Protein chains: 2
Amino acid sequence: MAARDPGSDKIKRHTINDVARLAGVSKKTVSRVINESPFVKEETRKTVLAIMRETGYVPDPQARGLAFRRSFLVGLIYDNPNPQHTISHQQGLLDAMAGSGFELVVRPVDRHSPRLLADMRDFVERQKLFAVVLPSPVSEDEKLAALLRELDVPYVRIGSVALDEPDRMLVSHDGRGAAQAARHLADLGHTRIALISGPPTFRSSIERKKGFEEGLAERGLRLAPEYAKIGAYTYESGVNAAHELFALEARPTAVFCLNDEMATGVYTAAREAGLRIPEDVSVVGYDDAPIAVRLWPPMTSVRLPLRDMGRMAGEMLVPNALREKRADAHEVQPQLVVRGSTGKVG
Amino acid sequence: MAARDPGSDKIKRHTINDVARLAGVSKKTVSRVINESPFVKEETRKTVLAIMRETGYVPDPQARGLAFRRSFLVGLIYDNPNPQHTISHQQGLLDAMAGSGFELVVRPVDRHSPRLLADMRDFVERQKLFAVVLPSPVSEDEKLAALLRELDVPYVRIGSVALDEPDRMLVSHDGRGAAQAARHLADLGHTRIALISGPPTFRSSIERKKGFEEGLAERGLRLAPEYAKIGAYTYESGVNAAHELFALEARPTAVFCLNDEMATGVYTAAREAGLRIPEDVSVVGYDDAPIAVRLWPPMTSVRLPLRDMGRMAGEMLVPNALREKRADAHEVQPQLVVRGSTGKVG
DNA sequence: GCCCCGTATGATACCGGTGTCACCGTCCCC
DNA sequence: GGGGACGGTGACACCGGTATCATACGGGGC
């Protein structure tokens with residue numbers, strides 16, 4: 001039990017001074033033990049560690065941070081239209097950070113705000129962040145990355161394609177997943193395949209679209225202009241785009257959506273248009289969000305291991321005694337999961 | 001622009017000492033200005049504020065926290081099977097905290113872990129949290145609340161029913177929403193109404209069930225034992241419970257689920273059993289999660305303003321210059337949203 | 001035996017703020 | 001005119017750690 005003052009006072013935590021006094025050494029030596037300095041005699045180290053355990057002493061991160069000029073906080077800076085994305089990354093990050101002594105500070109931003117850079121400078125400088133994680137699409141902001149380099153803060157960008165700084169990048173190879181989807185649909189005999197892409201400002205959308213077209217090309221197909229719709233990664237935009245597609249003379253027999261939200265919109269539009277999935281139209285999504293298996297029929301989708309990605313980003317940035325080494329792989333592979341929303345054409 | 005050493009060195013932030021020197025006052029007076037002490041001459045205050053603006057000075061939260069023995073971090077401690085819940089609360093909290101100078105630290109826990117209390121003590125003490133937010137079901141842990149009182153940390157518990165400390169409680173009156181659902185179904189002519197509840201350890205489930213039965217009673221109905229199923233707040237448990245209900249001789253014509261996840265499971269089970277919604281069976285969920293409007297037909301559900309609840313919790317705890325006063329209402333009202341999954345019986 | 005070097009430790013300043021208390025000047029009251 | 005009370009300010013210690021530098025000690029090379 002911690003010592004409690006008799007005078008109805010608060011519990012007083014032990015400080016480094018208490019430990020030093022009890023161990024009969026200077027506080028600097030205790031500090032050395034805390035920071036695993038190699039220049040401490042084994043015997044001294046043991047004594048100090050024993051006292052630390054007895055007293056339940058844990059160093060104060062604020063004081064440590066003040067002296068180190070660096071906090072023990074990791075920032076997660078996000079701006080994603082899809083909360084599921086954020087929460088998955090967050091979960092993974094927290095997995096990697098559990099028990100490390102670091103804490104996760106979450107920070108939503110508007111990446112189009114003119115104050116973004118100023119706000120981020122203030123955030124990072126003020127909190128003296130230990131590291132920063134940038135999921136897509138914030139990760140695509142080169143100015144933000146440049147700012148973080150200027151501020152000398154370690155960071156990991158999570159994105160769909162390798163950029164020019166591989167050590168600070170976690171790549172999900174989005175194009176490959178889209179190519180899998182394209183081949184899958186082609187192999188089922190589809191030729192009239194439509195695409196509903198995301199906002200052209202999203203790198204993920206660009207990469208997925210590119211991969212999709214490459215996949216089609218492998219099977220001798222190409223994306224017809226009238227089958228290429230642009231959505232906004234939202235449910236509603238999926239509904240609207242699908243309605244346009246279904247109204248075409250030569251209705252597509254398959255629709256590939258660059259995220260599950262829009263694909264869900266295609267389900268709705270199909271119902272409204274009286275089309276059956278997959279008999280009349282096959283649907284493929286991207287992300288493999290929880291909703292994919294909750295729809296009827298369960299949706300074929302490209303799985304993106306979002307939680308793993310968060311965890312790997314955390315492992316790249318945060319030292320953790322519970323784990324031997326930092327992550328060395330800086331990439332993950334998307335994987336098509338075939339379910340009931342895709343079937344043979346006709 | 002901040003000053004940059006010529007020697008290719010880092011940017012050096014201004015400290016309270018710089019401001020004091022430039023303003024020709026002691027650092028203590030600058031400190032007084034920062035903390036809005038009333039004992040500073042107006043003229044002095046203006047001078048100091050001007051210098052602070054010129055230099056772009058912002059106080060270091062770590063140093064301040066060290067001296068105050070309290071950080072500027074708010075903890076969100078959660079353990080919810082439904083990530084959507086967490087992310088919504090988190091969003092609202094961040095809404096309330098934006099621009100306040102406080103940061104949000106998120107902390108998932110396993111509320112059944114034997115180490116929970118020890119971990120929480122360590123977390124709160126070590127980080128010297130300014131305040132803590134406890135969403136349901138963590139909010140139902142009396143020992144945790146007692147610990148926080150012992151540690152003298154302000155907190156808000158978000159829960160379905162008023163507890164004995166109204167000032168630290170944000171109530172969502174879950175029973176009332178469930179009663180609305182019951183009346184709605186009864187008014188549509190349903191009498192064979194089934195209930196799929198959540199884990200009996202969840203207060204929200206208890207309250208919703210109670211409210212539901214009260215609502216039925218108002219219409220002269222009661223919940224038949226064979227229609228009362230216990231789920232786990234998960235999709236799969238909803239599927240299973242619904243299958244059991246649909247296999248009954250006297251199949252229920254309506255199913256009320258105590259969350260949307262399980263209600264989504266009922267959709268699946270209905271499809272598998274060849275039942276149409278709402279013609280053969282009406283379905284009502286609880287939470288009004290995003291998925292409710294993405295299902296076909298769109299689901300009738302009881303809306304819980306999760307984001308508002310997070311925001312209100314934040315307003316109860318964090319002073320914010322951007323807002324005049326703290327929240328005074330400590331409750332929100334659930335609201336039934338009628339959509340296509342409920343219809344007249346027969 | 002002396003010097004040098006690497007190991008092991010502590011005294012002291014410092015990180016950037018706040019608390020305590022002493023001090024000064026004014027105004028007010030008797 | 002003396003004595004409080006009070007507004008306004010600063011010197012100094014302190015919060016709980018780390019960095020710098022000095023010091024002490026044992027061992028090897030000459």
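Letters A, B, ... are given to chains in the order of the sequence lines, protein chains preceding strands, and every chain is numbered from 1. Just so you know, these numbers come straight off a predicted model, no measurement behind them.
For A/Asn17, there are no side-chain hydrogen bond (donor to acceptor under 3.5 Å, both in side chains) partners two or more places apart in sequence or in a different chain.
With C/dC15, C/dG17, C/dT9 as the candidates, the nucleotide lying closest to the side chain of A/Leu66 is C/dC15.
For the pair A/Arg21 CZ and C/dG10 P, the computed distance is 15 Å after rounding to whole Å. Distance B/Asp60 CG to C/dT18 C1': 13 Å, rounded to the nearest Å. Protein atom CZ of A/Phe39 is 13 Å distant from nucleotide atom C1' of C/dC5, rounded to whole Å. Between the CZ atom of B/Arg126 and the C1' atom of D/dG17 there is a distance of 14 Å, given to the nearest Å. Rounded to an integer number of Å, the gap from A/Asp18 CG to D/dC15 C1' is 13 Å. Taking atom CD of residue A/Glu125 and atom P of nucleotide C/dC15, one finds them 17 Å apart after rounding to whole Å. When the P atom of C/dC15 is taken as reference, atom CD1 of A/Ile16 falls 18 Å away, rounded to whole Å. Going from atom CD1 of A/Ile34 over to atom P of D/dA19 covers 11 Å, rounded to whole Å.
Between B/Asp95 and B/Arg307 there is a salt bridge, since at least one side-chain N of the basic residue sits less than 4.0 Å from a carboxylate O of the acidic one. The pair B/Arg157-B/Glu165 meets the salt-bridge criterion, with a side-chain N (NZ, NE, NH1 or NH2) lying under 4.0 Å from an Asp/Glu carboxylate O. Ion pairing between a basic and an acidic side chain is recognised when a charged N comes within 4.0 Å of a carboxylate O; A/Glu42 and A/Arg45 show such pairing.
Applying side chain to side chain donor-acceptor pair (under 3.5 Å) to A/Asp79 and the options A/His112, A/Arg107, A/Arg111 leaves one that passes, A/Arg111.
Within the 4.0 Å cut-off from OP1 or OP2 of D/dG17, not a single side-chain nitrogen or oxygen of A/Asn17 is found. In this structure, B/Arg69 does not reach the D/dC15 phosphate: none of its side-chain N or O atoms is under 4.0 Å from OP1 or OP2.
Atom CZ of A/Arg69 sits about 14.5 Å away from atom CZ of A/Arg64, to the nearest 0.5 Å. A distance of 13.0 Å separates CG of B/Asp18 from CE of B/Met52, quoted to the nearest 0.5 Å.
Both B/Thr44 and B/Ala67 lie close to DNA chain D; mapped to their nearest nucleotides by heavy-atom distance, the more 5′-ward contact belongs to B/Thr44.
Using a 4.0 Å cutoff on non-hydrogen atoms, the parts of residues 24-32 of chain A near DNA chain D are A/Lys27, A/Lys28, A/Ser31, ordered by number.
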